[in-house]
2 protein chains.
Amino acid sequence: MQSFTEENYLKIIYHLAEKTGNVQTNAIAEQMQTKPASVTDMIKKLAEKGFVDYIKYQGVTLTEKGKNAAIEIVRKHRLWEVFLVDKLNFKWDEVHDVAEELEHIKSTALIERLDEFLGFPKSDPHGDPIPDKNGRFAITQFIKLIDLKVGDQGTITGVSQHSSAFLKHLEKLGLTLGKQIEISDVTDFDGSVEILIAGKQINISREVAKHILTSSNGKN
Amino acid sequence: MQSFTEENYLKIIYHLAEKTGNVQTNAIAEQMQTKPASVTDMIKKLAEKGFVDYIKYQGVTLTEKGKNAAIEIVRKHRLWEVFLVDKLNFKWDEVHDVAEELEHIKSTALIERLDEFLGFPKSDPHGDPIPDKNGRFAITQFIKLIDLKVGDQGTITGVSQHSSAFLKHLEKLGLTLGKQIEISDVTDFDGSVEILIAGKQINISREVAKHILTSSNGKN
DNA sequence: AATTATTTTTAGATTTACCTAAAAATATAA
DNA sequence: TTATATTTTTAGGTAAATCTAAAAATAATT
Ligand SMILES: [Mn+2]
Ligand SMILES: [Mn+2]
Ligand SMILES: [Mn+2]
Ligand SMILES: [Mn+2]
């Protein structure tokens, strides 16, 4: 059984590994909001326990055991987020911090019954996939909105930024999950994107467009 | 803000104070499953923070601040137990340990929305009262089943023992919350009690009868 | 290849919540 | 009212997770 702290390390290593493979000490420190020296200490402990493979100065990779543990935490986190939004009427920008705590509750019975209670959801309020109890993810395809071409149509299926500020901004613009959009123009000057949504034309910055994920239906 | 550990101490002091007023170091140690020396350490810290009044060798009492904090934790514990039973179909003997963890999740929004989601329940799956968000309890009256006289009728409204073994035993006997009972005999030999429930006669030990709480309708 | 910069690790402390063993205070019994 | 037993506190230490400062390894630049 892992401690609260070990679980947080595993989850962060897992997320970092999704992008970079080998995970560096400094990257972990930044995510954990702690010092590199503390990370080195914890890494040694996780290696000791068989959660990570570690070569001095070369960073870490999760072992199978470590990966399973991390996925279990991700599963809990996302299921709790669904609970908060679907059952307790939280907004999608309000759930992350509470889920950060709930994800550490130790009870397999609890999480399986919660899963059932929620109707075995496949994705969380931000469009992130929820692994099943065996740790398997449904294969998800997406295209960043920024990569769509003028004339392309698509549905908003997720976001790659979970800050409350960003999510509230999207909410205000009506850019929520499941919405149909079409790219009507891309501004040369600043790279901002003009999109057609619910019959209205709106303009979003390049920065915003980068963090919206869509399933494109291709050209119309 | 209190730590996980501090919260557990406060809750235990609160429950012990319900019976004895001044709470002794050894009693706390027993409940916390720790050593008296550790309790002394923590007591000093809680006194420092203004949660308890402490006189050396004389035990502690909760301050207003400490009592409020404790009641908040009791509220969370009991609301989560209702959630587990009513929504996730846990049995009443399965919920305590998980609630012990859930009670420490820090979010007033969460607990208020949970309360609403559950329909503002007044009592938990064991019949224990749930304080409202201002910390007020509905006044509850009960008579121990053991104190009823032959011929008395009553409704089972609670239990004063929460062990899984005891609760499972009651379940098997059909002695669950809300059930109507009548005392038909008390055995001289061992003090066991014969009760009429759902048209059937059953015999329960004195030990069991001590821990069943009822609202008596008096003599029939 | 040598210098400089960055990353990572070690060494040594700190804090929190524990512990054991011994001393001190209080309560109970003779 | 001594003597004995119980309760509580102090003293000193351990383990987990942190920290700062300095040393060592690796990477990037001249
Ligand atoms: Mn989240
Ligand atoms: Mn999410
Ligand atoms: Mn309970
Ligand atoms: Mn209960």
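Everything quoted here is computed from the prediction, not taken from an experiment. In what follows, chains carry the letters A, B, and so on, assigned in the order in which the sequence lines appear, proteins first and then strands, with residues in each chain numbered from 1.
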A.B. asks: Can A:Glu7 and A:Lys76 be counted as an ion pair, charged N to O under 4.0 angstrom?
C.D. replies: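 Salt bridge absent between A:Glu7 and A:Lys76.
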A.B. asks: So B:Leu84 and A:Leu110, do their side chains get closer than 4.5 Å, heavy atoms only?
C.D. replies: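 Contact flag for A:Leu110/B:Leu84 side chains = yes.
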A.B. asks: Run the side chain to side chain contact (heavy atoms under 4.5 Å, CB included) check on B:Ile195 and B:Leu148 step by step: do they pass?
C.D. replies: CA-CA 11 Å; B:Ile195 62 184; B:Leu148 294 180; over 6 Å; no
A.B. asks: So what does A:Tyr54 hit on the nucleic acid, given a heavy-atom distance under 4.0 Å: a base, only sugar-phosphate, or nothing?
C.D. replies: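 The answer is sugar-phosphate, as A:Tyr54 gets under 4.0 Å only of primed atoms, P, OP1 or OP2.
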A.B. asks: Base, sugar-phosphate alone, or nothing: which one does A:Thr40 contact when heavy atoms must sit under 4.0 Å apart?
C.D. replies: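 Counting heavy atoms under 4.0 Å across all strands, the contact made by A:Thr40 includes a base.
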A.B. asks: Evaluate the criterion side chain to side chain donor-acceptor pair (under 3.5 Å) for residue pair B:Thr187 and B:Ser192; output intermediate values, then yes/no.
C.D. replies: CA-CA 5 Å; B:Thr187 312; B:Ser192 67; 3.1 Å; yes
A.B. asks: Using a cut-off of strictly less than 4.0 Å, decide whether B:Gln24 has a side-chain nitrogen or oxygen near OP1 or OP2 of D:dT7.
C.D. replies: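 Checking D:dT7 against B:Gln24, no side-chain N or O comes under 4.0 Å of OP1 or OP2.
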A.B. asks: Do NZ/NE/NH1/NH2 and the carboxylate oxygens of B:Lys133 and B:Glu116 come within less than 4.0 Å?
C.D. replies: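 Result for this pair is no, no salt bridge flagged.
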A.B. asks: Can you find a side chain N or O atom of B:Ser3 that sits less than 4.0 Å from OP1 or OP2 on C:dT16?
C.D. replies: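 For C:dT16, neither OP1 nor OP2 has a side-chain N or O of B:Ser3 closer than 4.0 Å.
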A.B. asks: Going by salt bridge (charged side-chain N to carboxylate O under 4.0 Å, His left out), B:Lys11 matches just one of B:Glu72, B:Glu6, B:Glu100, B:Glu18. Which one?
C.D. replies: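 Only one of B:Glu72, B:Glu6, B:Glu100, B:Glu18 forms a salt bridge (charged side-chain N to carboxylate O under 4.0 Å, His left out) with B:Lys11, namely B:Glu100.
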A.B. asks: Would you kindly give the CD1-to-P distance between A:Ile43 and D:dA16, to the nearest whole Å?
C.D. replies: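 Between P of D:dA16 and CD1 of A:Ile43: 18 Å.
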A.B. asks: Using atom CD of A:Glu30 as one end and atom P of C:dT6 as the other, report the distance to the nearest whole Å.
C.D. replies: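 One finds 15 Å between P of C:dT6 and CD of A:Glu30, rounded.
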A.B. asks: At a cut-off of 3.5 Å, list every protein nitrogen or oxygen paired with a nitrogen or oxygen from nucleotides 18-21 of chain C, distance to 0.1 Å.
C.D. replies:
from: C:dC18; atom 1: N4; to: B:Asp41; atom 2: OD2; distance (Å): 3.1
from: C:dC19; atom 1: OP2; to: B:Thr34; atom 2: OG1; distance (Å): 2.5
from: C:dC19; atom 1: OP2; to: B:Lys35; atom 2: N; distance (Å): 3.2
from: C:dC19; atom 1: OP2; to: B:Ser38; atom 2: OG; distance (Å): 2.6

A.B. asks: Could you give the CD1-to-C1' distance, from B:Ile55 to D:dT9, as a whole number of Å?
C.D. replies: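 Rounded to the whole Å, the gap is 15 Å.
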A.B. asks: In whole Å, I'd like the distance from the CD atom of B:Glu7 to the C1' atom of C:dT16.
C.D. replies: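 Taking atom C1' of C:dT16 as the reference, CD of B:Glu7 is at 16 Å.
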A.B. asks: Do any side-chain nitrogens or oxygens of B:Asn26 fall under 4.0 Å of OP1 or OP2 in D:dT6?
C.D. replies: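 No, outside the criterion.
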A.B. asks: Can you confirm whether the side chains of B:His104 and B:Asn8 place a donor and an acceptor under 3.5 Å from each other?
C.D. replies: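 Looking only at side-chain atoms, B:Asn8 and B:His104 do form a donor-acceptor pair, the distance falling under 3.5 Å.
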A.B. asks: Rounded to the nearest 0.5 Å, how far does CZ of A:Phe117 lie from NZ of B:Lys87?
C.D. replies: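 So the gap between those two atoms works out to 5.5 Å.
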A.B. asks: Tabulated below should be each protein N or O lying under 3.5 Å from an N or O of nucleotides 24-29 of chain C; please produce it.
C.D. replies:
from: C:dA25; atom 1: O4'; to: B:Tyr57; atom 2: OH; distance (Å): 3.4

A.B. asks: Using a cut-off of strictly less than 4.0 Å, decide whether A:Lys44 has a side-chain nitrogen or oxygen near OP1 or OP2 of C:dT9.
C.D. replies: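 No, outside the criterion.
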A.B. asks: Looking only at atom types and distance, does a side-chain atom of B:Lys91 sit under 3.5 Å from a main-chain N or O of B:Asn89, one as donor and one as acceptor?
C.D. replies: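 No, because the side chain of B:Lys91 does not come within donor-acceptor range (under 3.5 Å) of the backbone of B:Asn89.
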